[in-house]
Participant: 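One structure coming up, written as structure tokens, with questions to follow.
We number each residue from 1, following the sequence as shown.
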Amino acid sequence: MATNMYTAGGQGNTQEYFTELRGLYATYGCLLDDIFDFANMIFEQLLDDETVIDQYPLGLDFSKWLRRAELTPDSDYLLSAPVSFPLIALGQLASFYVTCKVWQLTPGDVIESLHGSTGHSQGIVGGF
């Protein structure tokens, strides 16, 4: 029987995904600075590509949206595929990143310690 469990949310595209990211940021903000800075850099590069810019009329400044809820775009925008896919992935990566930081393990250490895992569109669960 596993003594520790790791879970990450799935790809279920609901309005709650950004609320979950906001909650993660509210709880572990200082631990997430590095990964969020990196994500902002990647998203800025994405928005520099003129072949996709029309898919982001309100941008992709999730950091601003996390800090100031009143600036968060409406649900239709957040649920659009070009916005929700990268932000859901970011939320999943951020959850794993926080887990590694809190447990003081590298991602490789966590992966090597897994006795098993399963994944599907509802997320992943691993035990070790």
Side-chain angles (χ1 to χ4, degrees):
M1 176 174 268
T3 57
N4 292 305
M5 297 293 287
Y6 166 76
T7 63
Q11 299 169 338
N13 194 1
T14 68
Q15 294 176 329
E16 285 74 38
Y17 86 84
F18 200 78
T19 302
E20 291 172 11
L21 187 60
R22 181 173 279 124
L24 191 65
Y25 177 72
T27 304
Y28 299 105
C30 62
L31 293 178
L32 292 167
D33 287 341
D34 292 343
I35 193 171
F36 281 1
D37 288 347
F38 184 73
N40 273 321
M41 181 185 70
I42 297 298
F43 293 165
E44 285 174 13
Q45 290 174 358
L46 172 68
L47 295 179
D48 282 342
D49 184 339
E50 57 190 54
T51 64
V52 299
I53 191 65
D54 63 329
Q55 298 176 44
Y56 300 94
L58 302 177
L60 197 53
D61 193 348
F62 71 92
S63 291
K64 178 176 66 176
W65 305 338
L66 290 174
R67 288 189 310 273
R68 300 196 45 208
E70 71 275 9
L71 299 178
T72 306
D74 64 22
S75 294
D76 287 342
Y77 189 75
L78 289 177
L79 291 174
S80 68
V83 175
S84 66
F85 282 17
L87 293 182
I88 289 171
L90 177 61
Q92 293 172 335
L93 289 171
S95 292
F96 184 68
Y97 188 80
V98 165
T99 300
C100 293
K101 291 281 196 177
V102 169
W103 289 348
Q104 298 179 2
L105 297 171
T106 68
D109 293 336
V110 173
I111 302 263
E112 286 178 15
S113 298
L114 289 176
H115 293 290
S117 66
T118 184
H120 54 79
S121 64
Q122 296 304 310
I124 59 171
V125 176
F128 51 113

Participant: For Tyr28, give me all partners under side-chain contact (heavy atoms from CB on, under 4.5 Å), at least two apart in sequence or on another chain.
Facilitator: Leu24, Leu31, Leu32, Val98, Val102

Participant: Any side-chain to backbone donor/acceptor pair from Arg22 onto Arg67? Under 3.5 Å, distance only.
Facilitator: no

Participant: Looking at Trp65 and Gly59, what are the two nearest heavy atoms and their distance?
Facilitator: CH2-O, 3.7 Å

Participant: Indicate the atoms forming the closest heavy-atom contact of Cys100 with Val110, along with that distance.
Facilitator: SG-CG2, 3.8 Å

Participant: Is the shortest side-chain heavy-atom distance between Val52 and Leu47 below 4.5 Å?
Facilitator: no

Participant: List the residues meeting ring pair (Phe, Tyr, Trp, His ring centres under 6.0 Å) with Phe43, not counting sequence neighbours, and say none if there are none.
Facilitator: Phe62

Participant: Identify the heavy atoms of Leu78 and Ser84 that sit nearest to each other, and give their distance.
Facilitator: O-CB, 3.2 Å

Participant: Testing the basics here: between Tyr56 and Pro82, what is the closest heavy-atom pair and its distance to 0.1 Å?
Facilitator: OH-O, 2.8 Å

Participant: Suppose the criterion is side chain to side chain donor-acceptor pair (under 3.5 Å): which pairs have a residue in residues 29-48, not counting sequence neighbours?
Facilitator: Asn40-Ser63

Participant: Looking at residues at least two apart in the chain, or sitting in another chain, which of them share a side-chain contact (heavy atoms from CB on, under 4.5 Å) with Asp54?
Facilitator: none

Participant: Suppose we screen for side-chain contact (heavy atoms from CB on, under 4.5 Å). Which residues come up paired with Phe38, at least two apart in sequence or across chains?
Facilitator: Met41, Ile42

Participant: Closest approach of Tyr77 and Leu58, non-hydrogen atoms and distance?
Facilitator: OH-N, 3.2 Å

Participant: I need the Ser95 OG to Glu20 CD distance, nearest 0.5 Å.
Facilitator: 8.0 Å

Participant: What are the two closest non-hydrogen atoms of Pro86 and Ala81, and how far apart are they?
Facilitator: CD-O, 3.9 Å

Participant: Apply side-chain contact (heavy atoms from CB on, under 4.5 Å) to the pair Leu66 and Phe36, showing each step before the final yes or no.
Facilitator: CA-CA 11 Å; Leu66 290 174; Phe36 281 1; 3.6 Å; yes

Participant: Check step by step if side-chain contact (heavy atoms from CB on, under 4.5 Å) holds for Ile53 and Leu46.
Facilitator: CA-CA 8 Å; Ile53 191 65; Leu46 172 68; over 6 Å; no

Participant: Looking at CD1 of Ile35 and CG of Leu90, how far apart are the two atoms once the value is rounded to the nearest 0.5 Å?
Facilitator: 6.0 Å

Participant: Would you give the length of the straight line joining atom CG of Leu21 to atom CD of Gln92, rounded to the nearest 0.5 angstrom?
Facilitator: 11.0 Å

Participant: To the closest 0.5 Å, what do you measure between CG (Leu60) and CG (Leu87)?
Facilitator: 5.0 Å

Participant: Kindly write out the residues that satisfy side-chain contact (heavy atoms from CB on, under 4.5 Å) with Glu70, not counting sequence neighbours, or none if the list is empty.
Facilitator: Arg68

Participant: Strictly by salt bridge (charged side-chain N to carboxylate O under 4.0 Å, His left out), give each pair with a member in residues 84-113 just once, sequence neighbours left out.
Facilitator: none

